[in-house]
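These numbers come from the heavy atoms of this one structure, side chains and all, not from hydrogens, waters or symmetry mates. The model shown is predicted, which means the values in this text are computed figures rather than measured ones.
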Amino acid sequence: MYIYLNPQYVIRNENNCSYIIAKSALITAKLEHAMAFASVVPPSIGYILSHIGEGELNASIENIANTLNIKPDLIDKFIRKIIGNPVKVG
């Protein structure tokens with residue numbers, strides 16, 4: 001199985017947090033005017049989201065788990081909550 005995020009958005013990983021930003025937003029170094037089009041997420045979540053779709057799902061989960069030093073089943077559980085879900089997850 002392969003997973004891809006909505007192509008209308010990108011993940012921007014910074015030192016202390018990550019952002020989900022609409023591609024149509026004007027992005028500056030400080031994100032001054034893009035905040036209406038951005039959502040702040042914890043860096044680990046940003047890392048997970050930015051590395052989904054780099055390959056087959058199980059291989060991506062293993063790579064993410066190894067990098068973040070988190071059990072693969074926790075990464076899998078998180079990802080499964082946000083894919084193929086008929087109920088909106090915020």
- Item | Separation between CD1 of Ile64 and OH of Tyr47, rounded to the nearest 0.5 Å | 7.0 Å
- Electrostatic pair Asp76:Arg80 at N-O distance under 4.0 angstrom: yes
- Note on the structure: Note: Leu68 and Ser44 closest approach over all heavy atoms is CD1-O, 4.1 Å
- Message: Can you tell me how far apart CZ (Phe78) and CG (Asp73) are? Round to the nearest 0.5 Å.
- Response: 14.5 Å
- Query: Hey, what do you get for CD1 (Ile75) to CD (Glu62), rounding to the nearest 0.5 Å?
  - Reply: 10.0 Å
- Query: So do Pro72 and Ile61 actually touch side chain to side chain, heavy atoms under 4.5 Å?
  - Reply: yes
- Task: Look up atom CD1 in Ile48 and atom CD1 in Ile79, then write down how far apart they are to the nearest 0.5 Å.
- Result: 6.5 Å
- The reported gap from CD in Glu56 to CG in Asn63 (rounded to nearest 0.5 angstrom) is 10.5 Å
